[in-house]
Enquirer: 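Right, I'll just put the structure down here and ask away after.
Letters A, B, ... are given to chains in the order of the sequence lines, protein chains preceding strands, and every chain is numbered from 1. What you see below is based on every heavy atom in this structure, not just the backbone, and it leaves out hydrogens, waters and symmetry mates.
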2 protein chains.
Amino acid sequence: MSADSTRASIRAVASLAGVSPSTVSRALNSPELVNAETRRRVLECAERLGYQPNRAAQSLVLGRTRNVGLIVPDIANPFFAPFIKGVEAYFRDTEYAVFLADTDEDTATEVRLAEAMVERVDGLILCAPRMSGTRLRAIAAKTTVVLANRTSRAAPSILQDFQPGMDQAVAHVHALGHRRCAYLSGPANSWSNRRRRRFLGVACAERGIELVDLGPYEPRFTDGYRAADEVLAAGVSAVFAYNDLVALGVLSRVTARGVPVPNEPGGRGLSIVGFDDIPMASMTNPPLTTVAIPVDAVSRAAAATMHSMLDPGAPKAPPLPPAAELATRLLIRGTTGPV
Amino acid sequence: MSADSTRASIRAVASLAGVSPSTVSRALNSPELVNAETRRRVLECAERLGYQPNRAAQSLVLGRTRNVGLIVPDIANPFFAPFIKGVEAYFRDTEYAVFLADTDEDTATEVRLAEAMVERVDGLILCAPRMSGTRLRAIAAKTTVVLANRTSRAAPSILQDFQPGMDQAVAHVHALGHRRCAYLSGPANSWSNRRRRRFLGVACAERGIELVDLGPYEPRFTDGYRAADEVLAAGVSAVFAYNDLVALGVLSRVTARGVPVPNEPGGRGLSIVGFDDIPMASMTNPPLTTVAIPVDAVSRAAAATMHSMLDPGAPKAPPLPPAAELATRLLIRGTTGPV
DNA sequence: GACGAGTATGAAAACGTTTGCGGAACAGTG
DNA sequence: CACTGTTCCGCAAACGTTTTCATACTCGTC
């Protein structure tokens, strides 16, 4: 029921195999340095004793933990689930284990967690971190970090190219006849939010669409409720939400208020465009038109980058996927229609 | 950009403070053993050098890592998110860090991950593990384990009491006039599934409701699609799904096929009852009637149990919440109606 | 038959802590 | 003053590995 019964040490297998601990270590880590026959014997003895090298001792002498940390703002946000899974899947058949933590979208928690992790990992993957650039640099000084959805000179970052998706979305909405739209802003200190807003602004300006800013809102379903009423009050015919959760909140609330989605011939109604393409987005009624993010590519790229930074000679790890893979794109479904 | 620049060791602060390493260690860990003044000086020096004890060295000598592992079947299953958050929140202001891993609902992966974690943690919280009892015992022999949603003699388990919720659900459906219902089974080797099915069976038998078994299905939205068609073919007026994801899949597919939810006066239609009360459940149209699980209580109890097993003298950790807290209960929303 | 080049192995140091043991200083007691 | 007890602190061992260095042995080669 507990971790007692003194696990077999390297010395135990050494004496069982009639060799020195050094030889056991070599047999395990650098096979080419030991005689094939003794190696076989050592391995057999190790197997017999159920020998597992003590991680702490290895870490101590090697100066590395074989752990990597992964910090995301919110596990419950379905956008991050595939990201997490991607990273975990990458490291699964690696000697690394991954520490996952969730900051609850809170910057202070994020910093605390990052500090706590630094001591236990070789590298830290920060997904959409909100902390200040200074903090980020401080962390990056202490360990290897890779950023996703956030730029910084302190560490390499994996980014999506928001432009194509945003451009397609605006073109789509413009083609449907919308001329006055709203943007539901996400957290103010979020890099994603600023980028999305920027490209949206550019695309709208190019096409002569008037853009109303609302928010900021937390990227949660319930914040979409709040947003919905403001959207309706703002007198726009279409709305771009910071992300799908907010969009779905809007959809739910707007529908409940009897406003048709998408717009109806009579001029009433609202078109909604989300962002992320979370699984739920295709399950609603009507299904959500949204800008899809190549999250698998992003997570794999982040993991691979980390891996190759930690083990420069790693066998896996294509350095970086071609930029094209990271492009966003519009998925037209049921929540957008002609005005 | 990397983890170099040789962090300050305990020796460095010792020599700066003009004491021996032992004294520094004691000043940090057992304040009562050192003179107040020297302690102050040591602490100040440690602070000045930004000293952080080397975790690996501590682990090596203490034989404990101050890490706990948490393994769940699927992060993307929104039922687990609150569970994870609960555990993480509990350990946040503790000296423990938590390793989270996701098995992708795969037993082999689960075993692999558990094995990998055993070397890196002091204890393992297994949420709804699918592995065999034998395996479970093997793991429990190597480290401290706490189970959630799974019984075993090998380790303490935190369970929900499915009975009240199931009973309420059946009573509700019975009151609405349903007499022939289906159960959409979850994974065959899932303890939750067996329990849910059992109590459901009993409650239905008591009230003279005929119960049709369908499945098993994976607990995913898309499996709900598949299930929906079988449900419709089975000629039942109400269905109990293994969990909310499946229920929502059914809802989506059934609605798409033009079958009203809930039942209409004419005799057509279907009533749907889910299980878990995931956030999405209240967001659909109509919102899902479901059996809510006290997931916060379960996760906190699991974490607290682990904590008190690891540090018997822990200051926090109320041993176990009263059993009542762990009872499930029915949430009547929009997907159930009179037949 | 000595020598150089490999090849295979062991001894020991090192990694950074914690902690048992003992010693020094000091105060209190007879 | 001799003693006992306390308080504070340093020495050194120990934790389980990896790796450097040295050594012993085996082969060919001149």
Enquirer: From the options C:dT18, D:dT18, C:dG10, select the nucleotide whose nearest atom is closest to the side chain of A:R26.
Expert: C:dG10
Enquirer: What residue among B:D311, B:T65, B:N67 forms side-chain hydrogen bond (donor to acceptor under 3.5 Å, both in side chains) with B:Y96?
Expert: B:D311
Enquirer: Rounded to the nearest angstrom, tell me the gap between atom CG in B:L28 and atom P in C:dG16.
Expert: 16 Å
Enquirer: In whole Å, I'd like the distance from the CZ atom of A:R7 to the P atom of D:dT17.
Expert: 8 Å
Enquirer: For B:S20 and for A:I10, locate the closest nucleotide of DNA chain D by heavy-atom distance; then report the residue assigned to the nucleotide nearer the 5' terminus.
Expert: B:S20
Enquirer: Taking B:D104 for the side chain and B:D106 for the main chain, is one N or O donor matched with an acceptor at less than 3.5 Å?
Expert: no
Enquirer: Check B:S9 against B:Y51 and note the closest heavy-atom contact, atom names and distance.
Expert: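 Closest approach of B:S9 to B:Y51: C-CE1, 3.6 Å.
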Enquirer: Measure the CG-CZ distance between B:L113 and B:F99 for me, rounded to the nearest 0.5 Å.
Expert: 11.0 Å
Enquirer: Considering only side-chain heavy atoms of B:A57, which listed nucleotide, C:dT18, C:dC15, C:dT17, is closest?
Expert: C:dT17
Enquirer: When only distance counts, do a donor and an acceptor, one from the side chain of A:T23 and one from the base of C:dA8, lie under 3.5 Å apart?
Expert: no
Enquirer: Take atom CG of B:L60 and atom C1' of C:dA14, then tell me their distance rounded to the nearest Å.
Expert: 12 Å
Enquirer: Provide, to the nearest angstrom, the distance between the CZ atom belonging to A:R39 and the P atom belonging to C:dT7.
Expert: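 Whole-Å distance recorded here is 17 Å.
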Enquirer: Would you mind checking if A:R40 and A:E37 are paired as a salt bridge, meaning a charged N to carboxylate O distance below 4.0 Å?
Expert: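 Yes, charged N to carboxylate O under 4.0 Å.
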Enquirer: It should be established whether A:N54 places a side-chain nitrogen or oxygen under 4.0 Å from OP1 or OP2 of nucleotide D:dC15.
Expert: no
Enquirer: Would you kindly compare B:P21 and A:R11 by the position of their nearest DNA chain D nucleotide and give the one closer to the 5′ end?
Expert: B:P21
Enquirer: Does B:S22 get its side chain close enough to the base of D:dC11, under 3.5 Å, for a donor-acceptor pair?
Expert: yes
Enquirer: Using a cut-off of less than 4.0 Å, is there contact between a side-chain N or O of A:Q58 and OP1 or OP2 of D:dT18?
Expert: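 Yes, within the criterion.
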Enquirer: Specify the separation, in whole Å, of atom CZ of A:R55 and atom C1' of D:dG16.
Expert: 14 Å
Enquirer: Whole angstrom is fine here: how far is it from CD in B:E37 over to C1' in D:dC9?
Expert: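 Nearest whole value for this atom pair: 15 Å.
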Enquirer: Looking for any heavy atom pair under 4.0 Å, which part of the strands does A:V61 touch: base, sugar-phosphate only, or nothing?
Expert: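 Contact class for A:V61: base.
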Enquirer: Using only side-chain N and O atoms of B:T38, determine if any of them is under 4.0 Å from OP1 or OP2 of D:dC9.
Expert: yes
Enquirer: Just the rounded figure in Å: distance from P of C:dG16 to CD of A:E119.
Expert: 15 Å
Enquirer: Tell me whether the OP1 or OP2 atom of C:dT9 has a side-chain N or O from A:N35 closer than 4.0 Å.
Expert: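 False: A:N35 side-chain N/O out of range (4.0 Å or more) of C:dT9 OP1/OP2.
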Enquirer: The side chain of A:S25 lies closest to which of these nucleotides: D:dT19, C:dG16, D:dG10?
Expert: D:dT19
Enquirer: Using whole Å, what does the distance between atom C1' of nucleotide C:dT17 and atom CD of B:Q52 come to?
Expert: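 My rounded result for the distance is 14 Å.
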Enquirer: Is A:R39 reaching over with its side chain to a backbone N or O of A:A27, donor-acceptor style, under 3.5 angstrom?
Expert: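 At least one qualifying donor-acceptor pair exists.
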Enquirer: Measure from the side-chain heavy atoms of B:L62 and tell me the nearest of D:dT17, D:dC8, C:dT18.
Expert: C:dT18
